[in-house]
Structure formats: structure tokens, C-alpha cells
Amino acid sequence: MFKNSHLSYGWLAIALHWLSAIVIIGMFILGLWMVDLDFYNAWYKDAPHYHKSVGILLALLIAIRLVAKLMQISPQGVGKRWEQKTAKLVHLLLYLGLFSLFISGYLISTADDRGIDIFNWATVPSLGELFANQEDLAGEIHEWVAYSLIALVSLHALAALKHHFIDKDLTLKRMIKPINQKKDLS
Amino acid sequence: MKKTLIAASLLSLLSFGALAADYVIDTKGAHASINFKIKHLGYSWLTGGFNKFDGTFSYDAAQPEASKVAVTIDTESFDSNHADRDKHIKGDDFLHVSKFPQAKFVSTKVEDLGDGNLKIMGDFTLHGVTNSIVIDTQKIGEGKDPWGGYRAGFEGTTRIALADYGITYNLGPASTYVDLILNVEGIKQ
């Protein structure tokens with residue numbers, strides 16, 4: 001029940017999935033909101049600080065999640081062949097998008113040799129300016145990848161709902177609670 | 001008659017050109033800088049500058065009024081030593097450098113105030129808006145350099161209101177204007 005089976009995700013994968021889902025969507029909203037804060041807003045300084053702090057922790061979480069995914073089996077795909085292939089591709093793009101966001105986000109704020117603080121507990125050091133106009137270029141990438149990622153997340157969620165309500169299969173259910181072959185499917 | 005007039009005016013232009021020596025601003029050797037300062041909340045000065053620019057001027061100590069200066073600034077080179085702030089300033093709230101990659105100054109008139117002090121009037125373009133400004137200028141010195149060249153250097157200051165250039169992001173009542181501090185050394189061509 002903790003680990004994945006051929007039929008279902010286990011508790012570890014489920015917990016990591018939903019925790020990252022909440023944080024990713026929260027980070028998107030926070031990011032979108034904070035860039036338009038005016039100078040005298042009380043959150044002008046703190047919102048980016050939290051965005052960066054959570055971003056670094058999210059990078060760690062996703063790295064752990066990827067290791068957990070690779071160290072256990074994945075449940076078998078559900079649906080038609082093209083659906084399974086598309087799902088795999090979308091999952092891959094979601095991971096790629098996340099790591100692009102982590103790298104580009106890191107590069108924005110470290111372009112001036114300053115590290116990134118994680119809630120004043122620790123500082124991730126800077127690698128310095130690696131290319132010209134780093135903060136601008138990394139900022140553009142960060143913004144566009146974020147929009148693309150959320151588009152993919154929407155597609156991912158719609159597909160899950162389609163499987164649940166139209167196909168009436170186990171795709172969504174097995175990501176909410178591990179399914180036990182004997183108990184649940186007899 | 002007409003021909004002699006043209007010849008005479010051409011001649012005067014030529015002699016005029018010969019009088020005022022042409023200089024190229026030594027950005028290559030970084031003996032020139034474009035700096036700014038703006039108040040932070042009204043409590044302190046925040047300073048920074050543009051790292052990339054180039055320009056030329058003509059100057060003759062005997063005839064300072066004939067001086068001319070033209071400078072082009074690469075706005076993407078804005079630097080206040082803080083990446084997050086630089087990104088914000090270069091974005092569309094302020095300089096919008098993707099749309100307005102260049103700022104420039106072209107002098108229109110120079111007034112000699114004596115003692116090496118000059119008033120340089122000219123058109124300054126920033127954020128796509130051109131206004132005439134006056135740069136209070138002081139000659140720092142001129143003469144031969146140790147490597148066979150000849151140099152002349154100036155310091156200029158001017159104050160611009162951000163709103164005059166269509167930059168209206170609210171930084172507070174103490175921060176509506178920016179002081180520009182220009183240090184320019186030219187090498188005679």
C-alpha cells in the first residue's frame with residue numbers, strides 16, 4: 001500500500017503527487033500576483049521571498065518524487081494506446097517544465113552573485129552571472145514555461161476527469177487512494 | 001557672387017571643423033560612466049548606471065560654444081547591482097528595454113559660463129520619449145596622455161522627472177525624479 005503496484009499508485013506516490021500539485025498551483029498564483037504588486041504593497045518584499053523559498057523546497061520535493069518514481073514500478077497505463085502514450089509524454093513534459101522553472105528561477109535571482117534565502121533558514125549560493133542579461137533571459141523563460149506548465153497541468157487534470165466521468169475507469173481513483181486487487185475489485 | 005558665398009561658407013565650416021577637435025568617448029577603456037541616483041523611499045540614495053554606451057564630442061577650449069556631443073545608451077545594460085531589481089527596472093514597468101533598447105542624447109546648443117563651466121542643452125530620448133534637457137557641465141581637464149594621445153574630460157549632471165518620459169510607476173513622492181551623473185573622457189581623433 002505504501003509502494004506502487006501494477007494496478008495502483010501507493011501512498012508515497014499519492015502523497016507526493018497531491019502535495020506537489022497544491023504547491024505548484026499555489027506557486028503559479030503567487031508568482032502571477034506578486035509581479036504586479038505595487039511598491040507600497042505590504043507584500044512587495046515578502047511575496048517574492050516566499051516564492052523563492054517555496055520554489056527551492058519544491059525543487060527538492062520534485063527531486064525526491066522523481067527518485068521515488070524511478071525506484072518503484074509504475075502502475076500499468078489505462079485507456080487506448082494513444083491515450084497512454086500521450087499521458088506518458090505529458091508526464092515527461094511536466095517534469096521537464098518543473099526543472100526548467102527551478103533552473104530559470106534560480107538564475108534570475110542569483111545573477112548578481114547573491115544566493116537565494118530559504119525562509120531565512122539557509123541560503124542556496126549563487127553561481128554568479130553565467131551569461132549576459134541573465135536575469136532578463138531567465139525571467140522570460142520562467143514566465144513562459146510557467147504558463148505552458150499550467151496549460152499542461154490543465155490538460156492533465158481534464159484527462160483525469162475524462163477517465164473518471166466518461167470512461168469510468170480507475171485512473172483518478174488510484175491516485176486518490178491505493179486500490180487493492182482483492183478488496184476493491186472483487 | 002553666389003559661388004563665392006558658398007565657397008566662403010564652406011571655408012568657414014571647414015575652419016570651424018578644424019578648430020573644434022573631435023573626440024571619441026573612451027568607453028573602451030572605461031574612462032566614462034553614466035550613473036544615476038534616485039531616492040529610496042526618501043531615506044537614502046540608490047545608485048547605479050548604464051554599463052554600455054558610446055558617443056563622441058567635439059570641443060575646443062577657445063570656442064566652447066561650438067562644442068557638440070552625442071551619446072547612445074544601450075538600455076539593456078542598466079545595472080543597479082541587484083538582479084531582481086534590474087529585471088524589474090528593465091521590464092515594462094520602467095525602461096521597457098525590449099521595446100526601447102536605446103536611449104540617446106544629442107546636444108543642440110552649448111553655453112559657455114566661463115572657468116570651464118558649460119551648459120549643454122540637448123534632446124534626451126528615454127523610454128521612447130524625447131525631451132530637451134540641460135546638462136550642467138564642468139571641464140575636469142585636458143591634455144596629453146602618457147601614451148601619445150590627447151584627452152579631455154568632463155563631468156555633467158542633470159535631473160529628469162520620470163513622468164516626463166512616460167514612466168509613471170509609483171515609487172513614492174520622494175522618488176519622482178532621477179539625477180544623472182555623467183563622467184566623460186574623450187580621446188582626440
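A note on names: the letters A, B, ... follow the listed sequences, proteins ahead of strands, and every chain is numbered from 1. These figures come from a predicted structure and were not determined experimentally.
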Report task. Decide whether B:Leu113 and B:Leu182 are clustered together by the hydrophobic rule: side chain heavy atoms of Ile, Leu, Val, Met, Phe, Trp, Tyr closer than 4.5 Å, transitively. Result -> no

Query raised in the report: Would you find more than 12 non-hydrogen atoms of other residues, nucleotides or ligands less than 6.0 Å from A:Asp38 atom CG?
Result: yes

Query raised in the report: Could you state the interatomic distance from CG (A:Asp112) to CG (B:Asp84), rounded to the nearest 0.5 Å?
Result: 7.0 Å

Requested in this report: Search all heavy atoms of A:Phe39 against all heavy atoms of B:Leu41 and return the closest pair with its distance.
Outcome: CE2-CD2, 3.7 Å

Query raised in the report: If you draw a 6.0 Å radius around NZ in A:Lys162, do more than 12 non-hydrogen atoms from other residues or ligands fall strictly inside?
Result: yes

Query raised in the report: Can you name the residues of residues 40-51 of chain A that have some heavy atom under 4.5 Å away from a heavy atom in chain B?
Result: A:Tyr40, A:Tyr44

Query raised in the report: Transitively linked via ILVMFWY side-chain contacts under 4.5 Å: B:Val24 with B:Phe53?
Result: no

Query raised in the report: When hydrophobic residues are tied together by side-chain contacts of less than 4.5 Å, even through go-betweens, does A:Tyr147 share a cluster with A:Ile29?
Result: no

Query - Gap separating the NE2 atom of B:His82 from the CD atom of A:Glu135, nearest 0.5 angstrom - result: 10.5 Å

Report task. Determine, using the 4.5 Å side-chain heavy-atom cutoff (strictly less than), whether A:Val124 and A:Phe119 are members of one ILVMFWY cluster. Result -> yes

Requested in this report: Give the cluster check for A:Leu60 versus A:Trp121: same hydrophobic cluster or not, with ILVMFWY residues linked at side-chain heavy-atom distances below 4.5 Å.
Outcome: yes

Requested in this report: Output the option from A:Asn133, A:Asp36, A:Val35, A:Ile108 having the highest count of non-hydrogen pairs under 4.5 Å with chain B.
Outcome: A:Asn133

Report summary line: Whatever's closer than 4.5 Å to a heavy atom in chain A on B:Lys90 counts as side chain

**Report entry** Enclosure of A:Lys173 NZ (heavy-atom neighbours >12, cutoff 6.0 Å)
**Finding:** no

